[in-house]
Amino acid sequence: MECISVFDMLKIGVGPSSSHTLGPWRAAEQFLKELRNRNLIDNIIGVKVDLYGSLSLTGKGHATDLAVMLGLSGADPEYIPVESIDVIISAIKNKKEIFLGNEILIPFCFETDIVFNRNFLPFHANGLTFTAKTDTETYSETYYSIGGGFVVKEKEDHDKEEILHTFPFPVEKADELLAFCAQENKKISEIVYENEKTMRSEEEIHNELLRIWDTMLECMYIGCHSEGILPGGLNVRRRAYDMHKNLIGVLPYEDPYSWLQIIRQTEVKFRQILKWVSCFALAVNEVNASLGRVVTAPTNGSAGVIPAVLMYYLVIENHEAGEKEIKQFLMVAGEIGSIFKKGATISAAMGGCQAEIGVSSAMAAAALCELMGGTPAQVTMAAEIAMEHHLGLTCDPIGGLVQIPCIERNTMGAIKAINAAELALETDALNAKVPLDKVINTMWETAKDMNTKYKETSEGGLAVAVGLADC
């Protein structure tokens with residue numbers, strides 16, 4: 001059994017994809033670490049990267065090639081100034097060399113040293129192999145980006161039993177989580193907090209959760225104040241800017257936090273609420289599509305759902321809410337996401353879009369339900385309802401870009417999450433017919449039955465029906 005932290009499920013990084021950008025970036029970092037551990041890095045004369053399966057088929061649209069170069073350069077996706085990305089990439093392409101690990105300058109040809117292989121490796125659809133050469137030897141490692149920025153090395157022996165004992169309340173299934181809540185007479189967020197305290201101090205948990213929220217809020221703010229065309233060739237026009245302009249009117253503000261307070265003063269009829277939630281989600285995923293900084297929640301392609309629903313709670317439902325509610329929301333969301341990861345997948349390359357938007361909607365629905373006063377059983381019911389109505393959702397990005405239909409799907413996932421939370425709150429959980437664990441199992445079985453062309457390969461669905469020429 002894995003013990004997955006909230007901070008594993010909610011990670012700060014760079015768009016557009018957690019599995020195709022953040023994962024390969026982190027894999028490159030791991031490869032650099034291996035080279036250092038083996039005292040090889042000072043003697044490297046060349047590096048080659050082989051991308052396989054989904055990483056190859058949609059890698060260019062997801063900036064996988066850029067991610068591995070940035071990772072090999074020693075840049076950290078969590079902290080790199082996003083405006084420096086183009087500078088680093090341009091230098092590598094123009095000079096045909098890379099500053100490996102920010103330590104040694106070696107030849108590197110963008111066109112030939114990154115190889116796109118259409119075949120799939122056996123373990124996971126997102127495989128990549130790094131090969132480094134010295135004058136006397138060649139060293140290779142294969143990694144898999146398994147979704148949400150998680151990376152595993154081929155044939156790595158994980159001692160999960162040792163990891164298990166880190167948490168006082170180890171959870172693999174929703175039923176186990178509910179049992180701990182009943183046993184301890186605690187909310188889900190309180191169980192999660194007890195687990196997190198075995199890994200970090202209370203001050204660290206507080207600061208990191210708020211840093212995640214600050215990143216989400218800033219991302220929404222940037223997206224709502226950025227206009228123009230998204231990169232990639234589809235010529236997708238940003239919509240959050242115009243939508244936000246119409247909603248906010250002439251009310252004054254100076255920064256993301258004063259902006260939040262101003263939104264609380266706007267009209268809140270049903271249509272305006274729908275528009276605000278959609279606007280928040282669009283804003284995040286437009287930033288994501290332009291290689292901006294986002295919070296993987298649980299993936300980059302679905303990064304807009306959780307911020308949009310939390311923002312909805314703060315600006316529509318509870319104007320008195322603050323840090324306490326923000327932390328509570330994020331902890332519940334992270335825990336629900338971890339249960340999906342353990343029981344199924346959060347990788348669209350393995351499970352289609354149900355594994356991304358479906359999971360993020362379930363995470364947001366559960367978190368909102370607890371903030372609205374739901375019992376632990378109602379919270380897991382909210383997650384179940386949200387996922388139940390995303391089952392079978394395919395991943396078919398046009399041009400391999402996280403834009404169409406991905407950006408709009410975040411608005412749908414956010415609205416469904418709010419609806420799912422409200423349905424759960426109005427239901428006696430004892431009368432629920434479908435437990436969350438059953439839906440997670442069904443999602444995984446659906447994923448295994450799904451045709452490969454609907455799993456982030458851009459070989460089916462909208463990706464085939466609509467081409468770049470149509471845009």
Side-chain angles (χ1 to χ4, degrees), residues 10-15 78-83 203 205-228 230 238-297 303-331 333 364 367-368 371-372 407 410-411 414-415 417-418:
L10 305 174
K11 296 187 283 286
I12 298 171
V14 172
E78 190 169 346
Y79 296 102
I80 183 176
V82 292
E83 61 272 13
E203 182 181 11
I205 296 169
H206 171 85
N207 291 338
E208 284 302 297
L209 286 172
L210 292 185
R211 188 166 75 95
I212 286 170
W213 168 243
D214 286 344
T215 304
M216 289 179 171
L217 179 60
E218 183 178 26
C219 186
M220 286 185 280
Y221 186 83
I222 291 171
C224 285
H225 295 84
S226 300
E227 56 182 330
L230 294 173
R238 290 176 181 260
R239 284 183 285 174
Y241 178 87
D242 290 330
M243 186 178 290
H244 171 261
K245 188 176 179 180
N246 291 332
L247 287 166
I248 200 72
V250 295
L251 296 172
Y253 54 89
E254 297 177 349
D255 53 41
Y257 281 91
S258 62
W259 175 62
L260 188 154
Q261 296 297 335
I262 286 297
I263 294 173
R264 286 174 167 170
Q265 300 175 30
T266 61
E267 192 174 34
V268 290
K269 292 180 180 177
F270 182 67
R271 285 186 67 198
Q272 278 70 33
I273 293 171
L274 283 177
K275 289 177 183 179
W276 270 121
V277 174
S278 297
C279 183
F280 298 144
L282 287 175
V284 171
N285 287 87
E286 288 173 355
V287 170
N288 179 64
S290 56
L291 276 76
R293 175 152 286 117
V294 299
V295 176
T296 299
V305 176
I306 286 171
V309 175
L310 178 49
M311 191 70 161
Y312 158 80
Y313 180 78
L314 295 173
V315 300
I316 304 295
E317 285 297 333
N318 185 358
H319 289 190
E320 303 303 316
E323 293 181 352
K324 174 181 174 293
E325 289 79 11
I326 290 167
K327 293 189 293 182
Q328 186 178 351
F329 186 101
L330 295 176
M331 284 191 287
L368 179 63
L371 287 187
M372 301 279 276
I407 295 174
N410 278 263
T411 71
I415 297 300
I418 295 168

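None of these values were measured; they are calculated from a predicted model. Computation of the quantities below employed the complete heavy-atom set of this structure, encompassing side-chain atoms and omitting hydrogens, waters and symmetry-equivalent molecules.
- Looking at residues two or more places apart in sequence or on another chain, you find a side-chain contact (heavy atoms from CB on, under 4.5 Å) between I273 and V268, V277, Y312, I316.
- The side-chain contact (heavy atoms from CB on, under 4.5 Å) check on A417 picks up V309, S361, A364, A365, with sequence neighbours excluded.
- The ring-ring contact (aromatic ring centres under 6.0 Å, His included) check on Y221 picks up H225, W259, with sequence neighbours excluded.
- Considering only residues two or more places apart in sequence or on other chains, R293 meets the salt bridge (Lys or Arg N to Asp or Glu O under 4.0 Å) condition with none of them.
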Working for side-chain contact (heavy atoms from CB on, under 4.5 Å), residues T266 and L247: CA-CA 8 Å; T266 61; L247 287 166; over 6 Å; no
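- Sorted by first and then second residue, the salt bridge (Lys or Arg N to Asp or Glu O under 4.0 Å) pairs with a member in residues 240-255 read R237-D242; sequence neighbours excluded.
- Listed by first and then second residue, the salt bridge (Lys or Arg N to Asp or Glu O under 4.0 Å) pairs involving residues 263-283 are E267-K269 (not counting sequence neighbours).
- Here E218 pairs with nothing under the side-chain hydrogen bond (donor to acceptor under 3.5 Å, both in side chains) rule; sequence neighbours left out.
- With sequence neighbours excluded, the residues satisfying side-chain contact (heavy atoms from CB on, under 4.5 Å) with A367 are F329, V332, A333.
- By the side-chain hydrogen bond (donor to acceptor under 3.5 Å, both in side chains) test, E208 pairs with R211, sequence neighbours left out.
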Residue pair V315, W276: steps toward the side-chain contact (heavy atoms from CB on, under 4.5 Å) verdict: CA-CA 10 Å; V315 300; W276 270 121; 5.8 Å; no
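- Taking CG from L310 and CG from L314, the interatomic distance works out to 4.5 Å, rounded to the nearest 0.5 Å.
- In this structure the side chain of L330 reaches within 4.5 angstrom of the side chain of L10, judged on heavy atoms.
- At distances below 3.5 Å, at least one donor-acceptor pair connects side-chain atoms of E286 with backbone N or O atoms of R239.
- Heavy atoms only, all atoms of each residue included: M220 and A283 are closest at O-CB, 3.5 Å.
- Between the CD1 atom of I407 and the OG atom of S278 there is a distance of 13.0 Å, given to the nearest 0.5 Å.
- The backbone N or O of V284 lies less than 3.5 Å from no partner atom in the side chain of N288, so there is not a single donor-acceptor pair.
- Distance check: L217 CG to I212 CD1 gives 14.0 Å after rounding to the nearest 0.5 Å.
- In this structure, N246 has no side-chain hydrogen bond (donor to acceptor under 3.5 Å, both in side chains) partners at least two apart in sequence or on a different chain.
- Taking 4.5 Å as the limit, every side-chain heavy atom of Y253 sits out of range of all side-chain heavy atoms of I263.
- With sequence neighbours excluded, the residues satisfying side-chain contact (heavy atoms from CB on, under 4.5 Å) with A281 are A308, N410, T411.
- Inter-residue side-chain proximity for W213 and M311 is flagged as met; some heavy-atom pair is nearer than 4.5 Å.
- Residues V295 and A303 come closest through the heavy atom pair O-CB, 3.4 Å.
- Here the shortest heavy-atom pairing between Y313 and A321 reads CE2-CB, 3.6 Å.
- For the atom pair F280 CZ and M243 CE, the distance stands at 11.0 Å (nearest 0.5 Å).
- Interatomic distance, OG1 of T215 versus CG of L210, reported as 10.5 Å (0.5 Å rounding).
- Between V294 and C219 the shortest heavy-atom distance is CG1-SG, 3.6 Å.
- Contacts of R238 classified as side-chain hydrogen bond (donor to acceptor under 3.5 Å, both in side chains), with partners at least two apart in sequence or in another chain: S290.
- Separating the CE atom in M216 from the CD1 atom in I306 is a distance of 5.5 Å, to the nearest 0.5 Å.
- Heavy atoms only, all atoms of each residue included: V14 and L291 are closest at CG1-O, 3.4 Å.
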